[in-house]
Protein chains: 2
Amino acid sequence: MTVTETETTDTSADICAGPPQGNRRPDGADRYTISEVAALTGLTAHTLRWYERIGLMPHIDRSHTGQRRYSNRDLDWLALVGKLRLTGMPVADMVRYAELVRAGDHTYTERFELLKETREDVLARIAELQGTLAVLDRKISFYADAGRALASERTR
Amino acid sequence: MTVTETETTDTSADICAGPPQGNRRPDGADRYTISEVAALTGLTAHTLRWYERIGLMPHIDRSHTGQRRYSNRDLDWLALVGKLRLTGMPVADMVRYAELVRAGDHTYTERFELLKETREDVLARIAELQGTLAVLDRKISFYADAGRALASERTR
DNA sequence: TAGGACCCTGGAGTGCACTCCAAGCAAGCA
DNA sequence: TGCTTGCTTGGAGTGCACTCCAGGGTCCTA
């Protein structure tokens, strides 16, 4: 049995994926230029090349003249990277994950652990934000009350 | 009527305030040194001085020899700043808010708007994170299934 | 009154995640 | 054939949020 990242192909369950990365080409005809991928992902061409340089991308296929040709699979990987980036995960950690994927099946457990840790981080982050939301809501209602008091002062 | 930030004194409703900023001194005896505030807030003394330099803090009281003496009110402000920082609000925006507070009552509406915008940002951020959580959960269960398959393969 | 811990300042340095640049090659079109 | 547009590279530059340093003053305790 082989544990690969092919499952990233399933993006059907994605909720609120940033910029709509709609018009994909069917598998087999999926050879996107860097600027097409930039448009599709919302990243700049600069950033895409940089991701590759630091090892965050698998080796991208090239045209006969050396230009990058991205596949649907590369797009899936970028979608995952985008999600992980949203969690605030440092790029270095994402590179580590990419290395594990490249290294093959024996890194399976480590990947699993990394994902579970990330999940915990995300839950903690959500809790933090909800705490902040509570503070914000108290302040907002304070200002709203003050606003009403000010208004009634004017009409008095 | 005066709309000040005295309401920040009420921290009773704070949920999950980062490092427990418990042992405060009673109002009137609240003259903390910079290192005490550092311990209380989890910020470094460097960062506290830097916050002051960029205008993120009100003017901090000084001892007769020029050393900073923070008050409970300063601590409250720092708690709010900490919350806003958690939302990912840029420091420049927090400085803007601080300026509005310093400027007085006539900035009331602007502050209100800023808080409401921030609230929207936080809600959007939470939604994003929940989207990421969904992706993470799918991947995690994929790995868990793969793990079970691998295990049953071994016992076969 | 000596020593060590703490505090002050302006300015320089750090780490991260991009972001841009210069110089050159390649493809499509008038 | 020239022009425009897009792609290539290594390396340098940017903006943010700290983080640290040098050189000096202050506080407290023995």
Side-chain angles (χ1 to χ4, degrees), chain A residues 18-19 31-57 59-71 74 77-78 80-99 118 121 125 128 132, chain B residues 18-19 31-57 59-71 74 77-78 80-99 118 121 125 128 132:
Chain A
R31 292 176 62 74
Y32 308 88
T33 66
I34 198 165
S35 60
E36 283 169 336
V37 176
L40 248 30
T41 60
L43 299 167
T44 68
H46 293 302
T47 302
L48 287 167
R49 290 194 200 100
W50 179 68
Y51 276 4
E52 200 177 332
R53 242 193 293 182
I54 63 173
L56 186 51
M57 292 296 294
H59 277 305
I60 301 297
D61 202 18
R62 299 292 177 125
S63 73
H64 67 105
T65 54
Q67 299 197 350
R68 289 172 182 79
R69 291 294 178 261
Y70 292 80
S71 67
D74 297 327
W77 175 253
L78 282 169
L80 175 65
V81 165
K83 288 291 183 193
L84 293 180
R85 209 171 34 124
L86 285 180
T87 69
M89 182 189 271
V91 167
D93 290 5
M94 291 194 273
V95 170
R96 171 91 191 114
Y97 185 74
E99 280 165 358
T118 305
D121 290 349
R125 196 94 191 70
E128 266 179 4
T132 304
Chain B
R31 291 176 64 75
Y32 308 88
T33 65
I34 198 164
S35 59
E36 285 170 335
V37 176
L40 248 31
T41 60
L43 298 167
T44 68
H46 292 303
T47 302
L48 287 167
R49 290 193 201 100
W50 179 67
Y51 275 4
E52 200 177 332
R53 242 193 292 182
I54 64 173
L56 186 50
M57 292 295 294
H59 278 303
I60 301 298
D61 203 18
R62 299 291 178 127
S63 74
H64 66 105
T65 54
Q67 297 196 351
R68 289 172 183 79
R69 291 293 178 263
Y70 292 80
S71 68
D74 297 328
W77 175 253
L78 282 169
L80 175 65
V81 165
K83 289 290 183 194
L84 292 180
R85 211 171 32 124
L86 284 180
T87 69
M89 181 189 273
V91 166
D93 290 6
M94 291 194 272
V95 170
R96 173 90 191 115
Y97 185 73
E99 280 165 358
T118 305
D121 290 349
R125 195 96 191 74
E128 266 179 4
T132 304

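Every chain is numbered from 1, with letters handed out A, B, ... down the list of sequences.
In plain terms, the two heavy atoms of R69(A) and I60(A) that are nearest each other are O-CG2, 3.7 Å. The heavy-atom pair separating R49(B) from I34(B) by the smallest distance is CG-CD1, 3.5 Å. Closest of all the heavy-atom pairs between A45(B) and A38(B) is N-CB, 4.0 Å.
Nearest-nucleotide mapping onto DNA chain D: of H64(B) and M94(B), the residue sitting toward the 5' end is M94(B).
Running 5' to 3' along DNA chain C, contacts with non-hydrogen atoms of chain A at under 4.0 Å begin and end at dA17(C) to dA27(C).
Of the N and O atoms on the side chains of T118(A) and D121(A), not one donor lies less than 3.5 Å from an acceptor on the other residue.
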Pair L48(A), E52(A) - check side chain to side chain contact (heavy atoms under 4.5 Å, CB included), show working. CA-CA 6 Å; L48(A) 287 167; E52(A) 200 177 332; over 6 Å; no
Between the protein and nucleotides 8-10 of chain D, are there any N/O to N/O pairs under 3.5 Å, and if so, what are the atom names and distances?
from	atom 1	to	atom 2	distance (Å)
dT8(D)	OP1	R68(A)	N	2.7
dT8(D)	OP1	R68(A)	NH1	2.8
dT8(D)	OP2	R49(A)	NE	3.0
dT8(D)	OP2	R49(A)	NH2	3.2
dT8(D)	OP2	R68(A)	NH1	3.1
dT8(D)	O5'	R68(A)	NH1	3.3
dT9(D)	OP1	R62(A)	NH1	3.3
dT9(D)	OP1	R62(A)	NH2	3.3
dT9(D)	OP2	R68(A)	NH1	2.9
dT9(D)	OP2	R68(A)	NH2	2.5

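Proximity of M57(A) to L78(A): side-chain heavy atoms (C-beta onward) are separated by under 4.5 Å at one or more points. For the pair R85(A)/L43(A), a side-chain contact is recorded, criterion being any heavy-atom separation below 4.5 Å from C-beta on. Looking only at side-chain heavy atoms (C-beta outward), E36(A) and Y70(A) stay at 4.5 Å or farther from each other.
Within 4.0 Å of S63(A), counting heavy atoms only, lies no atom of the nucleic acid at all.
If you take OH of Y70(A) and P of dC7(D), they are 10 Å apart, rounded to a whole angstrom.
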